[in-house]
Trainee: 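Got a structure here, written out as structure tokens. Questions coming.
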Amino acid sequence: MIARTLRTVGQQGRNLLLPRSPACRRLHTIPANFSKAYDHDGKTKVTIFNTETDLGLMVTGYSQYGFRLNNDMVLIGPISVFPRSVLSWNVNSFEDINEDSLSLFPTLEPKIDVLIIGIGDQAPPPALSKRIIEFMKKYKINVEVLRTEQACATFNFLNAENRMVACALIPPLHLTYNENDILQAKLRKKELYETE
């Protein structure tokens, strides 16, 4: 069905698939200086940031107990992650976050641009965010206070861009899962019981 409704339009050696319609014929023209976005042998390369260790440390997983990094290191409890190192963070919950627990971040050299704080699985209380932002503003450090899941993703993204970023993470008390997680668990269980 799709093959019947599409036609190939060629211009200067380039082919495009366009719907059959008089309006489409008028609108779709290819300028002579147009360069293709992909001029290679047809293979697509996908890079998954959080599996490459040359981009720095990234958080690849978490549980109620701790975190897994892209170098297969498993860390128990709250942690502070930097582009090339990780430390234990001495807090038990977001209520323990204060100027003392944040005092490490302004003393770092080279100075970080962004601090990402993951406070578990609850939404950040406005009073906590305001207190943290005011404290870090004195040191000209931008702060994001997020749920741990969002904080991990934000840290990984900024770290992959080679930004001067750090994150402080508290493991969530509860984990949410979706259909994909259930399917992956069933597949792992099936592989576990298969014999050759």
Trainee: Would you please name every residue forming a side-chain contact (heavy atoms from CB on, under 4.5 Å) with Glu179, sequence neighbours left out?
Mentor: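 So Glu179 forms no side-chain contact (heavy atoms from CB on, under 4.5 Å) with any residue.
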Trainee: Ignoring hydrogens and angles, tell me if any N or O in the side chain of Asn70 forms a donor-acceptor pair with the backbone of Met58 under 3.5 Å.
Mentor: yes
Trainee: In Å, rounded to the nearest 0.5 Å, how long is the span from OG of Ser103 to CG of Asp100?
Mentor: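 Those atoms lie 6.0 Å apart.
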Trainee: Could you tell me the separation between the CD atom of Glu161 and the CG atom of Asn156, rounded to the nearest 0.5 Å?
Mentor: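 Those atoms lie 12.0 Å apart.
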Trainee: Please list, chain by chain and in numerical order, all residues satisfying side-chain hydrogen bond (donor to acceptor under 3.5 Å, both in side chains) with Ser93, sequence neighbours excluded.
Mentor: Glu95
Trainee: Quick one: do Leu57 and Asn71 satisfy side-chain contact (heavy atoms from CB on, under 4.5 Å)? Show the steps, please.
Mentor: CA-CA 7 Å; Leu57 293 177; Asn71 61 359; 3.6 Å; yes
Trainee: According to side-chain contact (heavy atoms from CB on, under 4.5 Å), who are the partners of Asn90, at least two apart in sequence or on a separate chain?
Mentor: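 Listed in chain order: nothing, the list is empty.
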Trainee: Please identify which of these residues, Leu169, Val59, Val86, meets the side-chain contact (heavy atoms from CB on, under 4.5 Å) condition with Leu75.
Mentor: Val86
Trainee: Suppose clustering is done on Ile, Leu, Val, Met, Phe, Trp and Tyr with side-chain heavy atoms closer than 4.5 Å. Which residues sit in the same group as Tyr65?
Mentor: none
Trainee: List in chain and number order the residues that pass side-chain contact (heavy atoms from CB on, under 4.5 Å) with Leu183, two or more places apart in sequence or in another chain; answer none if no residue qualifies.
Mentor: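 For Leu183, the residues satisfying side-chain contact (heavy atoms from CB on, under 4.5 Å) (neighbours in sequence not counted) are Leu187.
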Trainee: Going by heavy atoms in the side chains, are Pro78 and Ser88 under 4.5 Å from each other?
Mentor: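 Not touching, per the 4.5 Å side-chain cut-off.
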Trainee: Residues sharing Met164's hydrophobic cluster, by side-chain heavy-atom contacts under 4.5 Å among ILVMFWY, directly or via others?
Mentor: none
Trainee: Look only at the side chain of Asp96 and the backbone of Asn92, and say whether a donor-acceptor pair between them is shorter than 3.5 Å.
Mentor: yes
Trainee: Tell me the closest heavy-atom pair linking Cys152 and Tyr62, and the distance in Å.
Mentor: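 Smallest heavy-atom distance, with atoms named: SG-CD2, 4.4 Å.
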Trainee: Which other residues end up in the same hydrophobic cluster as Ile133, if Ile, Leu, Val, Met, Phe, Trp and Tyr are linked when side-chain heavy atoms come under 4.5 Å apart?
Mentor: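 Under the 4.5 Å side-chain rule, Ile133 groups with Phe82, Leu87, Trp89, Val91, Phe94, Ile97, Leu102, Leu104, Phe105, Leu108, Ile112, Leu115, Ile117, Ile119, Leu128, Ile132, Phe135, Met136, Tyr139, Ile141, Val143, Val145, Ile170.
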Trainee: Please give me the minimum heavy-atom distance between Asn159 and Gly56, naming the atom from each residue.
Mentor: ND2-C, 3.9 Å
Trainee: For Asn162, enumerate each residue passing the side-chain contact (heavy atoms from CB on, under 4.5 Å) test, keeping only those at least two apart in sequence or located in another chain.
Mentor: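 Testing Asn162 for side-chain contact (heavy atoms from CB on, under 4.5 Å), a comparison that skips the adjacent residues, returns none.
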Trainee: Only pairs at least two apart or in different chains count here, so list each side-chain hydrogen bond (donor to acceptor under 3.5 Å, both in side chains) that has a residue in residues 113-133.
Mentor: none
Trainee: Within the 4.5 Å heavy-atom criterion, are Phe67 and Pro171 side-chain neighbours or not?
Mentor: yes
Trainee: Show me the pairs that pass salt bridge (Lys or Arg N to Asp or Glu O under 4.0 Å) and involve residues 63-78, at least two apart or across chains.
Mentor: none
Trainee: Under the salt bridge (Lys or Arg N to Asp or Glu O under 4.0 Å) definition, can you give me all pairs with a residue in residues 136-160, not counting sequence neighbours?
Mentor: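 Of all non-adjacent pairs touching residues 136-160, those that pass salt bridge (Lys or Arg N to Asp or Glu O under 4.0 Å) are Arg147-Glu149.
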